[in-house]
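Data block below; observations after.
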2 protein chains.
Amino acid sequence: MSRPTLEQVARRAGVSRATVSRVVNGSTRVAAPIREQVNRAVAELGYVPNYAARSLVTQRTDSIALILPETATRVFSDDQFFPGIIRGVSQALEAADKQLVLMLVGSPAARTRAERYTTGGHVDGVLFASVHGADPLPELLLRTGIPVVCNGRPLGRSEVPYVDVDQNGGVAHAVRHLLDSGRRRIGTIAGPPDMVAGVDRLDAYRKILADSDRRSIVAVGDFTRESGEAAMRQLLADDPGLDAVFAASDLMAHGALRALREAGRRVPEEVAVIGFDDIEMARYTDPPLSTVRQPIERLGQTLAGQLLRLLAGEEVEPALVLPTELVIRETG
Amino acid sequence: MSRPTLEQVARRAGVSRATVSRVVNGSTRVAAPIREQVNRAVAELGYVPNYAARSLVTQRTDSIALILPETATRVFSDDQFFPGIIRGVSQALEAADKQLVLMLVGSPAARTRAERYTTGGHVDGVLFASVHGADPLPELLLRTGIPVVCNGRPLGRSEVPYVDVDQNGGVAHAVRHLLDSGRRRIGTIAGPPDMVAGVDRLDAYRKILADSDRRSIVAVGDFTRESGEAAMRQLLADDPGLDAVFAASDLMAHGALRALREAGRRVPEEVAVIGFDDIEMARYTDPPLSTVRQPIERLGQTLAGQLLRLLAGEEVEPALVLPTELVIRETG
DNA sequence: TTGTAAGCGTTATCAC
DNA sequence: GTGATAACGCTTACAA
């Protein structure tokens, strides 16, 4: 019942272990008839190489960890950010025939396990999605000699190469569009201050408004729909004359839409709303949501691509920034 | 730069490899002062055990694969089914200190890789979510001696233990509710015929209607919103007098809602709609969607729980069925 | 309680 | 081309 080993295949084929190993690994330096024999024995016995043994000697595992520093609940809320990243990453890894190992790291225990797992040689490289605060793990891995690429500029100084979308440009487009269409009191629903995406988008919003001598009106959410709804109520309380809102995520924008409807404000006539992400749902809100599209899937592909280059021994850019795009639908 | 080995720790602590191994694995049979020394050496060198080496001898990996026989695109559409499963599974595995390895198997190449990966001893056990058709992989793994648990009754004969929700009961509740509230021409938007959930829900629908001498009106989708929209148009074309629809997924129900609005039918006044899943979005459709709630997260937990029991050498029930619940909101 | 030594199943380096 | 043989880093009888 236990799995056959190289040894057993060798015996059956009447050759040495070394030869079987060569055949299994596709070496061309084996005589055709012998290769035949070996392959037959492999098939008959249902031989599959033991990866632990192999990686013990090769020092490779051909698998890559994607660490999502979030609880599963958060990763799979109906925010499509993480799914998009995962999708992009798995496409790129599949093409390179690497196995993706997804790690949801939402608790201290999970963090410890992830650290041991990645430093313990289970994977050849590590990808981080959406690092919270100044997580020391990426740096630690780098020092341990494990290739790492992060999604999003790490908070704090860091040597770790990263890939991000053009947060600044996206926000600038959105807010300028609101200004250009005559909006005068533009609030924002910001993301959490411990995430770069939250910080960057808020900074960008503030800068644009400052540049045109308008004041910032800020409420803070955590990228969820509920937080967006609450933040919108807050904004309306703070400034009833508000005529536009930029929400740092589509989910929060959706929540804002609900709050506005409850408050009896018409969208976009009285208040314009622009989100960020362009998740699929944005087309289905009522009315359909204008938003800043970020190429999430491509972000994932690029992330994986950079890591693969590192694994191949190539140099990579310390930072790569992908473009965003303003998508105007009906909310603003 | 290469990672320190047990040997190096042993030298530094002035003891043997065996002793270090004992300390690292938490054996109590080591004198306290020596344990201290070893721990210090471990910390100083930043030692982390090499998992390949360990699992080569222990024949365990402490990781579990969750195979999703879908493309990443499909898994992370905004259907919350897979995310819920993943969430439940990762909670249960986290509690047992096992590492979850998520495998998206949406292409033949990915399937081959998954087969090699799981039979190659990378994981101690395998979980399958939503098996398509009569996939032979679960059986194959079972024969290889690797513990397997499936989500959903496998199509075709199978020895593999599974966990499912009460599809029948859920559908029965929904359709009876429609009948009880006076609906007379009840159509259904079925799921894909190669998935058990699709087949089971359609069968259940047919049975209830047959029992009350009403005829079935069926259109087939593939669980996506778009397919639901198309199927609804189909149903309206087939039977303009339709006064209710049971959709085999919330996403398809959402698509149906759009199609109904476009066709100028009021929901629920003219046409009632009931979905299946109770994904978060169901509360946010317009009007909020009535649906059959299935305990997806608990399904994931149970799935993992059964596998953990198998790994512990216990016997498990060949089938486990979790209850569903009808949630009435405003569409029917 | 601690150390010695024999594997675990591969790959890689040699000779032949 | 093919076959011994030595690692790879760890756990675990068995000895001491």
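In what follows, chains are A, B, ... by sequence order, proteins preceding strands, each numbered from 1.
- Between dT11(D) and Asn25(B), a contact under 4.0 Å exists linking OP1 or OP2 to a side-chain N or O.
- In terms of position on DNA chain C, the residue among Ala53(B) and Ala32(B) whose nearest nucleotide sits closer to the 5' end is Ala32(B).
- Residue-level contact check: Ala18(B) touches the bases, meaning some heavy atom is under 4.0 Å from a base atom.
- Residue Thr5(A) places its side chain closer to dG9(C) than to any other of dG9(C), dG9(D), dG3(C).
- Here dG9(C) presents its P atom at 12 Å from CZ of Arg11(A), a figure rounded to the nearest Å.
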Please lay out, stage by stage, how Ser55(B) and Thr58(B) fare under the test side chain to side chain donor-acceptor pair (under 3.5 Å).
CA-CA 5 Å; Ser55(B) 94; Thr58(B) 59; 5.5 Å; no
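- Rounded to whole Å, the distance from CG on Asp62(A) to C1' on dT11(C) is 14 Å.
- Mapped onto DNA chain C by nearest heavy atom, Ala31(B) and Val57(B) fall at different nucleotides, with Ala31(B) at the one closer to the 5' end.
- Counting only N and O atoms by type, the side chains of Arg309(B) and Gln306(B) include a donor and acceptor under 3.5 Å apart.
- Annotation: of the two residues near DNA chain D, Thr58(B) and Val15(A), the 5′-most nearest-nucleotide partner is Val15(A).
- Here the C1' atom of nucleotide dA13(D) and the CZ atom of Arg29(B) are 13 Å apart, to the nearest Å.
- A salt bridge is absent between Arg153(B) and Asp164(B); no separation between the charged side-chain nitrogens and carboxylate oxygens falls under 4.0 Å.
- For Arg60(A) and dG9(D), the CZ to C1' distance is 18 Å, given to the nearest whole Å.
- Relative to the six-membered ring of Tyr117(A), Arg113(A) misses at least one condition, a distance below 6.0 Å or an angle of at most 45° to the axis.
- Rounded to an integer number of Å, the gap from Gln8(A) CD to dC8(C) P is 11 Å.
- Nearest nucleotide to the Tyr47(B) side chain, out of dT10(C), dC10(D), dT2(C): dC10(D).
- Comparing atom distances between the Arg17(A) side chain and each of dG3(D), dC10(D), dA6(D) picks out dA6(D) as nearest.
- Side-chain N/O atoms of Arg22(A) and base N/O atoms of dG3(D) include a donor-acceptor pair closer than 3.5 Å.
- Smallest separation of non-hydrogen atoms from Leu56(B) and Ala52(A): N-CB, 4.1 Å.
- Considering only side-chain atoms of Leu56(A), the nucleotide from dG9(D), dT12(D), dG3(C) that sits closest is dG9(D).
- One can place CG of Leu6(B) at 12 Å from P of dT12(D), the figure rounded to the nearest angstrom.
- For Thr19(B) and dT2(C), the shortest distance from a side-chain N or O to OP1 or OP2 is not below 4.0 Å.
- Residue Gln59(A) is in sugar-phosphate contact alone, with no base atom involved, counting any heavy-atom pair closer than 4.0 Å across all strands shown.
- Rounded to an integer number of Å, the gap from CD of Glu7(A) to P of dG3(D) is 12 Å.
- The pair Arg40(B)-Glu44(B) does not count as a salt bridge, with every side-chain nitrogen at least 4.0 angstrom from each carboxylate oxygen.
- In terms of polar N and O atoms assigned as donor or acceptor, the side chain of Arg3(B) never comes within less than 3.5 Å of the base of dG9(D) in a complementary pairing.
- Under 4.0 angstrom from either OP1 or OP2 of dT4(C) there lies no side-chain N or O belonging to Ser16(B).
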